[in-house]
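To start, the structure under review is shown below, and the notes come after it.
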Amino acid sequence: MELQASLNGAPRDERARAYLAVRSATEALAAPLSAEDCTVQSMPDASPVKWHLAHTTWFFETFVLEPHPPGYRPFDPAFRVLFNSYYNAVGPKHPRPERGMLTRPGLERVLEYRAYVDEHVLNLLETSSTAGLQILELGLHHEQQHQELVLTDVKHLLSRNPEKPAYHPQWPLTEIQARKPRWIGFPAGIVEIGEEGTGFAFDNERPRHKAWLDAFEIASHPATHGDFIAFIEDGGYRRPELWLSAGWDAVCASGWQAPEYWQERDGRWFTFTLHGEAPVDPNTPICHVSFYEADAFARWKGARLPTEAEWETAVGGLAIEGNFMESGALHPLALREAPPEGALAQAFGDVWEWTRSDYAPYPGYAPAAGAVGEYNGKFMSGQYVLRGGSCATPQSHIRATYRNFFPPAARWQFSGVRLARNA
Ligand SMILES: [Fe+2]
C-alpha cells in the first residue's frame with residue numbers, strides 16, 4: 001500500500017503491510033553497518049543509527065501504544081527519556097549532543113525493542129479500534145524522515161574516517177553529458193499553494209491558501225557540480241559582496257572553501273559519497289551546500305533562489321518521479337534526457353532545493369493537538385524551506401506540497417540549488 005493513501009479506512013492487512021514495509025526498510029538501511037558504526041555520533045546535528053532505530057520505535061510506543069491499548073507495559077521505562085528527541089510534553093530527554101555516549105542499550109537490545117513494539121502495534125491493528133490510526137500513520141511518515149537521516153548521518157560519520165569507507169561499495173553512476181538549463185517563465189498572478197486533500201500531509205503543509213506571485217523564471221533543472229566549480233574558481237568563497245552578512249560570517253568562522261565533503265588534490269576535486277570517495281562529476285546536481293552557499297552562488301549567477309510558492313507553482317502537477325532512496329544510487333545523478341520544452345526536470349529526488357522562503361506558518365496554520373503538536377510548529381523560526389526530496393528520501397514520503405526545513409548553515413543533507421530570477 002502506498003503511504004500517500006490514508007491508513008484510515010484501509011483493510012487491516014493493508015495497514016499491517018504498510019507498517020511492516022516501513023519498519024523493515026529502516027532495518028535494511030542499518031543492515032550493512034556494524035554495532036560500532038551504529039553507536040558513534042559524529043556531530044551534534046547527526047544521531048547514531050542505533051538512536052534512530054530506537055527513537056522511531058519510541059514514537060510508536062509513546063504516541064500509539066501507551067495511550068491506546070489498556071494495560072500496555074513499556075519495554076523499558078528508561079527508554080522514555082533516552083529516546084525522546086524534543087517532546088517537552090512527554091517529559092525529560094537525554095541531551096542531543098550526547099546520543100553517541102549511549103553504549104548501552106546495545107544494538108541487539110534496541111532491535112529487541114523494535115520487535116516488541118512491532119508485535120504490540122500489529123496486535124493493535126488486529127482490534128477493531130481505529131483510535132490512534134492517524135497517529136500511527138504520522139509515525140510511519142516520521143520513520144521515513146529518519147530513514148533519510150540514517151543515510152545522511154552515516155555518510156557524515158564515515159566521512160570522518162581517513163580510510164573513507166563505503167556504506168555501499170557498488171558505484172552506480174555513469175558519466176553523462178552536460179545539459180544547459182533553460183529558463184521557464186511563469187506569469188504574474190494569484191496562485192494557491194499548500195495541501196488541501198484528505199490524504200496524509202504534515203500539519204505544516206496546510207492550509208491551502210492564496211499567494212501573489214510576480215512574473216518569474218525558474219531553471220529547468222538544478223545547478224550542477226560543474227557550475228559550482230566555476231563559482232569556486234571565480235573566487236566565490238573569497239568575495240564578501242556575494243554573501244549575506246550571516247553567510248560571510250559562516251564562511252570566515254568555519255573556513256568553508258568548497259561544499260561539505262569536498263577535497264582538492266592536484267587540481268582535481270573529490271567528494272565523499274556513500275560509495276566511498278569519488279571524483280566530483282561536473283554534470284550531477286550540486287549537493288551538500290548550505291542555504292548561505294546556495295544564495296551566494298545564485299547571486300554570482302545573476303539570479304536568486306526561488307520562493308517556495310514559486311517552486312510549488314512551477315512544479316504544478318508533475319508526477320512524483322525521480323532518483324529517490326529506492327534507486328540505490330544514494331547520490332544525485334546527471335540528467336539523462338532533456339526535459340520537454342517548458343517542463344521542470346529533477347524536481348523530485350536527487351537534491352533538496354533550498355528556497356528563499358523562511359520556514360513560517362501558512363496563514364491559518366494550526367498545530368496538531370497534544371504532544372505531537374510539537375512535531376513541526378515549534379521549529380518555525382530561523383530556518384529555511386527546502387523542496388522536492390533527495391536521493392536519500394523514500395519515494396512514497398514526498399509530495400509537491402512537502403516542506404522540509406533546516407538552519408541556513410546546515411550542509412550534511414543532500415541540499416542543492418535550482419536558480420530563479422525575476423522575469
Ligand atoms: Fe523524530
Side-chain angles (χ1 to χ4, degrees), residues 181-196 201-223 227 242-247 285-287 289-318 342-348 350-365 376-377 379-390 398-410 413-423:
R182 290 191 296 251
W183 290 106
I184 302 172
F186 289 84
I190 293 172
V191 297
E192 285 197 7
I193 64 161
E195 181 61 40
E196 67 175 354
F202 288 110
D203 58 7
N204 62 11
E205 297 166 61
R206 300 182 197 269
R208 191 167 174 83
H209 61 280
K210 291 183 174 62
W212 170 260
L213 294 183
D214 285 317
F216 69 100
E217 295 180 325
I218 193 163
S220 56
H221 56 271
D227 297 329
L242 296 173
W243 295 78
L244 292 167
S245 173
I286 177 70
C287 69
V289 289
S290 62
F291 168 82
Y292 294 136
E293 288 160 297
D295 175 84
F297 168 78
R299 191 165 295 107
W300 173 77
K301 277 287 212 182
R304 60 173 172 80
L305 301 180
T307 66
E308 61 176 326
E310 288 172 340
W311 191 96
E312 195 170 316
T313 301
V315 161
L318 277 182
L344 257 62
Q346 295 174 298
F348 298 111
D350 287 303
V351 291
W352 287 103
E353 298 172 17
W354 283 109
T355 73
R356 193 62 182 79
S357 300
D358 77 315
Y359 178 51
Y362 281 165
Y365 167 75
N376 281 310
F379 298 109
M380 290 175 173
S381 91
Q383 310 208 53
Y384 286 85
V385 173
L386 303 97
R387 293 298 197 109
S390 82
I398 207 73
R399 288 170 294 283
T401 56
Y402 193 106
R403 307 174 78 200
N404 198 0
F405 52 92
F406 277 96
Q413 297 299 303
F414 288 93
S415 47
V417 192
R418 183 187 299 267
L419 297 174
R421 64 186 186 185
N422 303 335

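For the side chain to side chain contact (heavy atoms under 4.5 Å, CB included) test, residues two or more places apart in sequence or in another chain that qualify with Gln383 are Tyr359, Phe379, Phe405, Pro407. Contacts of Tyr384 classified as ring-ring contact (aromatic ring centres under 6.0 Å, His included), with partners at least two apart in sequence or in another chain: Phe291. Residues passing the side chain to side chain contact (heavy atoms under 4.5 Å, CB included) test with Arg299, sequence neighbours excluded: Leu244, Asp295. Applying the side-chain hydrogen bond (donor to acceptor under 3.5 Å, both in side chains) criterion to Trp300, with sequence neighbours excluded, gives Asp234. When the side-chain hydrogen bond (donor to acceptor under 3.5 Å, both in side chains) test is applied to Asp203, the partners found at least two apart in sequence or on another chain are Tyr365, Asn376. Take Arg387 and apply the salt bridge (Lys or Arg N to Asp or Glu O under 4.0 Å) test, not counting sequence neighbours, and it matches Glu308, Glu312. Every residue two or more places apart in sequence or in another chain was checked for a side-chain hydrogen bond (donor to acceptor under 3.5 Å, both in side chains) with Thr355, and none qualifies. Here Glu217 pairs with Arg421 under the salt bridge (Lys or Arg N to Asp or Glu O under 4.0 Å) rule; sequence neighbours left out. Under the side-chain hydrogen bond (donor to acceptor under 3.5 Å, both in side chains) criterion, Arg304 pairs with Glu310, Asn422, not counting sequence neighbours.
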Without placing hydrogens or testing angles, list every side-chain donor-acceptor pair under 3.5 Å for residues 209-216, not counting sequence neighbours.
| unit_1 | atom_1 | unit_2 | atom_2 | d |
| --- | --- | --- | --- | --- |
| His209 | ND1 | Pro207 | O | 2.9 |
| Trp212 | NE1 | Asp214 | OD1 | 3.0 |

Practice item. Give the intermediate values and the outcome of side-chain contact (heavy atoms from CB on, under 4.5 Å) for residues Phe202 and Arg399. Key: CA-CA 10 Å; Phe202 288 110; Arg399 288 170 294 283; 3.6 Å; yes
Practice item. Using the side-chain contact (heavy atoms from CB on, under 4.5 Å) rule, take Leu344 and Ile184 through it: C-alpha gap first, then chi angles, then the decisive distance, then the call. Key: CA-CA 8 Å; Leu344 257 62; Ile184 302 172; 3.6 Å; yes
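To the nearest 0.5 Å, atom OH of residue Tyr362 and atom CZ of residue Arg206 are 11.5 Å apart. If you take CG on Leu419 and NE2 on His221, they are separated by 10.0 Å, rounding to the nearest 0.5 Å. Expressed to the nearest 0.5 Å, how far CG of Asp350 lies from CD1 of Ile286 amounts to 13.0 Å.
For Val289 against Trp354, the heavy-atom pair with the smallest separation is O-NE1, 2.9 Å. In this structure, Ala345 and Arg418 approach most closely via the heavy-atom pair O-NH2, 2.8 Å.
Donor-acceptor pairing under 3.5 Å is lacking for the side chains of Gln413 and Trp352.
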